[in-house]
Amino acid sequence: MDIKEYIELVFSDYTLRTITLGTAILGAVTGMLGSFAVLRKQSLLGDAISHAALPGIAIAFLITGSKDSNTLLIGALVSGLIGTFWIRGIVTKTHLKSDTALGLILSLFFGFGMLLLTFIQKQPNANQAGLDKYLFGQAATLLESDVWLMAIITGICLLVLLFFWKEFKLFLFDADYAKTLGFNTTFIDVLITSFIVLAIVLGLQTVGVVLMSAMLLAPAAAARQWTNSLTNMVVLAAIFGAFSGVFGTAISASQNNLSTGPVIVIVASVFVIFSFIFSPSRGLLFRQIRFIANRRDLELQKTLAFMYHIAETHENISHPHTIKILNNFQGYTRKTLKKLVDKNYVTLDGTMWSLTEKGFETAANLYNQQAIKDE
Amino acid sequence: MNRIKIMKEPSEKKEIPASAGRIAVQVDDLTVAYNYKPVLWDIDLEIPEGVLMAIVGPNGAGKSTLIKSILGILKPIAGSVSIYGKPYDQQRKLVAYVPQKGSVDWDFPTTALDVVMMGTYGSLGWIKRPGQKEKKAALEALEKVGMLPFKSRQISQLSGGQQQRIFLARALVQDASIYFMDEPFQGVDATTEIAIINILKELRKSGKTVIVVHHDLQTVPEYFDWVTFLNVKKIATGPVKDIFNDDNLTKTYGINYKVSIQE
């Protein structure tokens, strides 16, 4: 199937369209909120929340006996929220660090959830099959109503972001200062955290408990590499997230038997890896290139400075000197000499070199230039 | 025995404006504890309007805690704080705060100007966005601290001293009457230190009250006109020329200090 055919299929095929739209919206909302989690250094919180949601799904099924996704998601939401506020409680009330609290709640809730799942599976109830889909998610089960729910919650989330943008930014950067200015930081904190929980719960059906946190973190981590503005970061993370959803769905739909959730997560990770390497300001590649270029520049300048100190001792600055003399200088290579000639700083005549007017001036100003560069 | 050499500046010998003034900050019976151990014990403190005051004391003496409790960031176990006779909640707009530079993540995706703009958020209140007026105020504050050329810089690309100036500018934008600063001279070079102290002195000249957590005892008489010695309990508070002496230093730091004033 080529790309054109696939795109036509997305628009004509009901199921594929639903899934594509669903994963795109999900990616956008988790990317947006994930930026906040990353900036708050609460990357692990997403993982804890999604794992904490599992017992809620099981309990909701046990109580209602229904596998309707909305019922189960309400259960997930409740237990996700309980887990989150337990974590907060543990951190504020005891001496435990937040990573300890996160790990504790994550394994406690997940363990309990698994226990309930095995208990449910042993029951003589034909309806029970399929609950374990929530472990790794199954995008194929997405219905139009699920996508509508995602769209509405994403819309509300967007409105809240627009309203409280200034407060969120202030809180994320300097919560204590926000407090002194009279902002209720507990309210802002609860608001942000609740939306993160909501976004995670929305994604459980598609991506699953185990991989959900990657949806939160990967687009945000990738977006951070490309921009130094919070607005751009959130927008970019939403775009990366949405594209991860669309591409992930496309790959899994065109290759049989690839489950959608993991593919989406892998696509999101590809965004991260690409960003880490190729981002112009923070990426590894350009940093290395800049590093090498800077070092070459410095080598050249040092050689020029060495020549300058020799030339200085003569009345005529262009007095020729033997090339051998340069061997006394540690950083000297034939290549640097050639480059200096190319730049018209030095002229060669047989085994002799002499500084040009331009070279002399440049060398004299080297230290000043270095100072200007630092500014 | 530690010997502290202090240069006396004749030009700084003006009358302290505080003697006539009102009480800007009043702290009564303030006790703060993390867990079981008290960090501040029964602090009574009156800070007169218009002083430039240093809070000095050893590490763990509760200097930052005192400021944070006055500003309502920390909840005390007992005691009360009032700003010009009213609780802090009602007087927020009179107070500006410069936290320790290390208390935030400087890799946060934002620019210098944006951080300074945050100083206007308090008077804006919820939801309302900063506009041209706020931007103008922020640019003026940047100008005052000599950081205008860096307004579009990403904050992680600023040096430690520049970051401190940004924090100072953010407080200046608040246009408050009382300024609380937590170690504004920590990790800054001599040029920045002089630039900052000049701004603080200017603030005092225009009648503001400035309260600074300070570590360098040598510069206390040169920079400040009022001082509070703190070590869990309040040891002493008053004009530098009256109470900055061996006795109080020894009581606060627990070792013998000798102040030698070089005339």
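FYI, side chains are in, hydrogens and waters are out, and symmetry mates aren't considered; it's all heavy atoms of this structure. Each chain gets a letter, A, B and so on, in the order its sequence line appears, and its residues count up from 1.
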Student: Give me the contact list for residues 111-123 of chain B versus chain A, heavy atoms only, anything under 4.5 Å, ordered by residue number.
Tutor: B:Asp114, B:Val115, B:Met118, B:Gly119, B:Tyr121, B:Gly122
Student: Please look at A:Asn232 and chain B and tell me whether the side chain, the backbone, both or neither of the residue comes under 4.5 angstrom of a heavy atom of that chain.
Tutor: neither
Student: Go through the atoms of B:Leu74 and report whether side chain, backbone, both or neither lie under 4.5 Å from a heavy atom of chain A.
Tutor: neither
Student: Chain A heavy atoms under 4.5 Å from B:Lys68: which part of the residue, side chain, backbone, both or neither?
Tutor: side chain
Student: B:Pro130, B:Gly125, B:Ser156: which one forms the most heavy-atom pairs within less than 4.5 Å of chain A?
Tutor: B:Gly125
Student: Side chain, backbone, both or neither: which part of A:Phe187 has an atom under 4.5 Å from a heavy atom of chain B?
Tutor: side chain
Student: Between A:Lys166 and B:Trp126, is there a side-chain heavy-atom distance shorter than 4.5 Å?
Tutor: no
Student: Under a 4.5 Å heavy-atom cutoff, which of B:Val104, B:Ile127, B:Leu71, B:Val95 has the most pairs with chain A?
Tutor: B:Ile127
Student: Below 4.5 Å from any heavy atom of chain A, which atoms of B:Phe180 appear? Answer side chain, backbone, both or neither.
Tutor: neither
Student: Under a 4.5 Å heavy-atom cutoff, which of A:Trp165, A:Phe173, A:Phe163, A:Phe183 has the most pairs with chain B?
Tutor: A:Phe173
Student: Is A:Asn228 close to B:Arg153 at the side-chain level, that is, under 4.5 Å between some pair of heavy atoms?
Tutor: no
Student: Ignoring hydrogens, what is the shortest heavy-atom contact between B:Ile73 and A:Lys179? Give both atom names and the distance.
Tutor: O-NZ, 3.3 Å
Student: What residue among A:Lys41, A:Arg40, A:Arg224 forms salt bridge (Lys or Arg N to Asp or Glu O under 4.0 Å) with B:Asp105?
Tutor: A:Lys41
Student: Could you list which of residues 96-103 of chain B have a heavy atom closer than 4.5 Å to any heavy atom of chain A, in residue-number order?
Tutor: B:Tyr97, B:Pro99
Student: Which atoms form the tightest heavy-atom contact between B:Pro109 and A:Met233, and what is the distance?
Tutor: CG-SD, 3.9 Å
Student: Could you look at B:Phe167 and say if it's the side chain, the backbone, both or neither that has a heavy atom under 4.5 Å from chain A?
Tutor: side chain
Student: Which pair of heavy atoms, one from B:Phe108 and one from A:Leu230, lies closest together, and at what distance?
Tutor: CZ-CD2, 4.1 Å
Student: Are more than 12 heavy atoms from other residues, nucleotides or ligands located less than 6.0 Å from atom CH2 of A:Trp86?
Tutor: no
Student: In terms of heavy-atom contacts, does CZ of A:Arg290 have more than 12 from other residues, nucleotides or ligands at under 6.0 Å?
Tutor: yes
Student: Considering non-hydrogen atoms only, spot the tightest contact between A:Arg282 and B:Asp107 and give its length.
Tutor: NH2-OD2, 2.9 Å
Student: Does atom CZ (B:Arg129) have a neighbourhood of more than 12 heavy atoms from anything else shown, all under 6.0 Å?
Tutor: yes
